[in-house]
Amino acid sequence: MKIGYACKLIGVPNSDMKSCLLKNASSEKLTELIKYNIYSLSNIIDYNIENNIKLFRISSDLIPFGSSEVNKIKWWEIFREELLLVGEKIKDSNMRVSLHPGQYTVLNSNNKEVVQRAIADLIYHTRILDSLGLNQEHKVILHIGGAYDNKTLAVKRFAEEFKLLPKNVKKRLVIENDDKIYNIEEVLDIGIKHNIPVIFDNLHNLINPSEQKLSESYWIDKSKTTWKKEDGIQKIHYSQQAEAKKVGSHSDFISINKFMNFYKMLDKDDIDIMLEVKDKNLSCVKCINCTTTSLNINELEKEWSRYKYTILERSHTKYLEIRELLKNKSDFSAVDFYTLLEDGLETEGDSGSYVNTLLHVWRHIKNFASDKEKDNFFKYLENFKLQRTGIKTVKNYLKKLVGKYEQEYLLNSYYFLN
DNA sequence: TGACGTCAAGATCCG
DNA sequence: CGGATCTTGACGTCA
């Protein structure tokens, strides 16, 4: 079993995808962006390896305007070596990657131009995985598309277009149930009929269920039958509804207790789970730690070092509780640890706890900071206390100093994330 | 015609 | 002038 996250790594510098507006997309600009993005991807893969993350969705933004006429750059030739090196790292670490064109790639559209663009987009996505030198287990995920007042016809168009796709694209393509139009039953019908592996998405299934109200495990088992040996083991998407937000919105973080219930329901190892969640790698590491048998407590201590100031800023009580829990080195529970952590994250901090935490963090650099910097910091702090400036401003200044004096411990911390 | 989703780029505001 | 904050963009479907 692999647990992964999608597209974006949080809290690590030089791991972002850069883009530009269409009107600025000159060849020079695009080449520069592509070079940087491949460098970022390489850094993301390094992070995944260091953190034992074996499943990852590469962002479609890797190549800006990757399937558009405006991008005439033969990036797969220019950056051939760099891409192969990244691919080697993926293979050597037994990582599985994927790509997922968004809701605007519609293969079954009744508009021919839209279909042509969708085909170009699928070719682009496939080309990334091909250029990395990865096998057919590394997939491109697609939704079926629109309904156009006639689902039968729309499904027929999907099948026809699928059959006409280049062979290397077809080999990678997998389909997923969506939140509005095609439910898991309909997607499975297509997948079984045309030999396309199916990804079950739990939240989409909740919002847009099949008329036959069958259990999640029924649909997961049925989806499994669509995964052939050469496709690798079955893959599913897992996410949680963000409370008090629009139906279908992904939660800020994975609630570990809900996840563990789902995981126990699955009751199997031959399945890969892609998490779709706002805090990306953070929840991914959490879920990995909670499903690892005989986890070393060092892993939780590492996590604590990254989260501690975020918790302290919200709740001193929770901070002490978690510290207490980690004192028991022989008998500890990762789920208990993260449950407390989540409680802490959901607590609203007050002015006092913000100030207290700022001072805690300040202690790491006070011996390095110049008199001027010290002056500045305490001026910011005073202004914050008087509500003349926001917490963000103070933290950003502190972040700058932490970067300047290369405080590794704090640079790895989640304290400075927004 | 706007909402939907995503999030960095770009524009503008502010001290 | 630099940093913070607001707006736009790029995509297709559907109400």
Side-chain angles (χ1 to χ4, degrees), chain A residues 5-10 13-26 29-30 32-34 36-37 40 57-71 99-122 124-125 141-151 153-155 157-158 161 176 178-182 201 203-204 207-208 237 239 241-242 245-252 276-280 376 379-380 382-384 386-401 403 416-418:
Chain A
Y5 66 100
C7 303
K8 211 176 92 153
L9 171 53
I10 283 183
N14 299 317
S15 67
D16 58 321
M17 294 293 141
K18 293 199 185 299
S19 189
C20 68
L21 297 189
L22 190 52
K23 61 179 180 188
N24 301 328
S26 65
K29 179 81 181 168
L30 287 172
E32 176 198 323
L33 293 173
I34 294 166
Y36 177 82
N37 289 350
S40 274
R57 181 191 300 163
I58 297 171
S59 169
S60 297
D61 296 336
L62 181 68
I63 313 295
F65 306 101
S67 62
S68 160
E69 288 291 325
V70 305
N71 189 337
L99 280 145
H100 188 5
Q103 57 182 301
Y104 299 111
T105 304
V106 187
L107 190 61
N108 78 339
S109 175
N110 51 10
N111 176 333
K112 273 184 185 162
E113 284 169 25
V114 171
V115 176
Q116 281 314 303
R117 279 196 287 273
I119 293 167
D121 207 35
L122 292 173
Y124 153 64
H125 282 83
I141 297 126
L142 185 68
H143 292 294
I144 303 301
Y148 313 92
D149 291 328
N150 188 337
K151 253 188 180 172
L153 260 182
V155 168
R157 267 202 310 278
F158 179 88
E161 294 300 339
E176 180 197 348
D178 66 72
D179 58 345
K180 288 194 178 70
I181 303 171
Y182 293 95
D201 181 300
L203 189 58
H204 292 163
I207 299 163
N208 179 25
H237 289 173
S239 59
Q241 171 68 44
K245 285 209 189 151
K246 248 174 229 89
V247 172
S249 294
H250 294 150
S251 59
D252 288 341
E276 294 179 319
V277 58
K278 295 265 164 59
D279 75 349
K280 308 290 180 182
N376 285 340
K379 257 183 220 157
Y380 274 123
E382 216 36 54
N383 278 334
F384 173 69
L386 297 167
Q387 296 185 30
R388 296 168 68 150
T389 189
I391 184 69
K392 239 180 169 176
T393 312
V394 195
K395 278 173 87 167
N396 274 344
Y397 184 68
L398 204 50
K399 185 181 181 178
K400 219 173 78 181
L401 296 183
F416 292 113
L417 298 180
N418 287 323

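Just so we're on the same page: letters track the sequence lines, and every chain starts at 1. Only this structure's heavy atoms are used, side chains among them; waters, hydrogens and symmetry mates stay out.
Residue contacts for A:Ser109: at a heavy-atom cut-off of 4.0 Å it reaches the sugar-phosphate backbone alone, with no base atom in range.
Residue A:Asn24 places none of its side-chain N or O atoms closer than 4.0 Å to OP1 or OP2 of B:dA9. In terms of phosphate contacts, A:Ser19 brings no side-chain nitrogen or oxygen within less than 4.0 Å of OP1 or OP2 of B:dC7. When the side-chain nitrogen and oxygen atoms of A:Arg117 are compared with OP1 and OP2 of C:dG12, one or more of them lie within a distance under 4.0 Å.
For the pair A:Cys20 and A:Gly145, nearest-nucleotide mapping onto DNA chain C gives the more 5' position to A:Cys20. The nearest heavy atom of DNA chain C to A:Glu113 and to A:Lys400 marks one nucleotide each, and the one closer to the 5' end goes with A:Lys400. Nearer the 5' end of DNA chain B, as judged by each residue's closest nucleotide, is the contact made by A:Cys7, out of A:Lys23 and A:Cys7.
Separating the NZ atom of A:Lys392 from the C1' atom of C:dG3 is a distance of 11 Å, rounded to the nearest angstrom. Taking atom CG of A:Asn208 as the reference point, atom C1' of C:dC14 lies 14 Å away to the nearest angstrom. Across the protein-nucleic acid pair, A:Asp16 atom CG and B:dT6 atom C1' stand 15 Å apart, rounded to whole Å. Atom-to-atom, CG of A:Asn111 to P of C:dG12 comes out at 8 Å; the value is rounded to the nearest Å. Distance, A:Phe65 CZ to C:dA10 P: 6 Å, rounded to whole Å. Taking atom NE2 of A:His143 as the reference point, atom P of C:dC11 lies 19 Å away to the nearest angstrom. Protein atom CZ of A:Phe158 is 17 Å distant from nucleotide atom P of C:dG12, rounded to whole Å. Atom CG in A:Leu21 sits about 20 Å away from atom P in B:dT6, given to the nearest Å.
Checked against B:dG5, B:dC7, C:dC14, the side chain of A:Lys246 finds its nearest nucleotide in B:dG5. Of the candidates C:dG3, C:dC14, B:dA8, the closest approach to any side-chain atom of A:Tyr148 belongs to C:dC14. Distance from the side chain of A:Lys280 is smallest for B:dC7 among the nucleotides B:dC7, C:dC14, B:dG10. The side chain of A:Thr393 approaches C:dA4 more closely than any other nucleotide in the set B:dA9, C:dA4, B:dC4. The listed nucleotides are B:dG10, C:dC14, C:dC11; the one nearest the side chain of A:Ala147 is C:dC14.
In this model, a side-chain donor or acceptor of A:Tyr104 finds a partner on the base of B:dG5 within 3.5 Å.
Note on A:Arg57 versus A:Glu276: salt bridge recorded, some NZ/NE/NH1/NH2 to OD/OE distance being below 4.0 Å.
Counting only distance, with no hydrogens or angles, the side chain of A:Ser67 and the backbone of A:Ala120 share no donor-acceptor pair below 3.5 Å.
Cation-pi geometry between A:Lys151 and A:Tyr182 is satisfied (NZ or CZ under 6.0 Å from the ring centre, within 45° of the ring normal).
A:Asn111 has its side chain out of reach of A:Arg117: every pair of non-hydrogen atoms, C-beta onward, lies at least 4.5 Å apart.
When all heavy atoms of A:Ile34 and A:Ile63 are compared, the pair lying nearest together is CG2-CD1, 3.7 Å.
A:Tyr36 OH to A:Lys18 NZ: the interatomic distance, rounded to the nearest 0.5 Å, is 4.5 Å.
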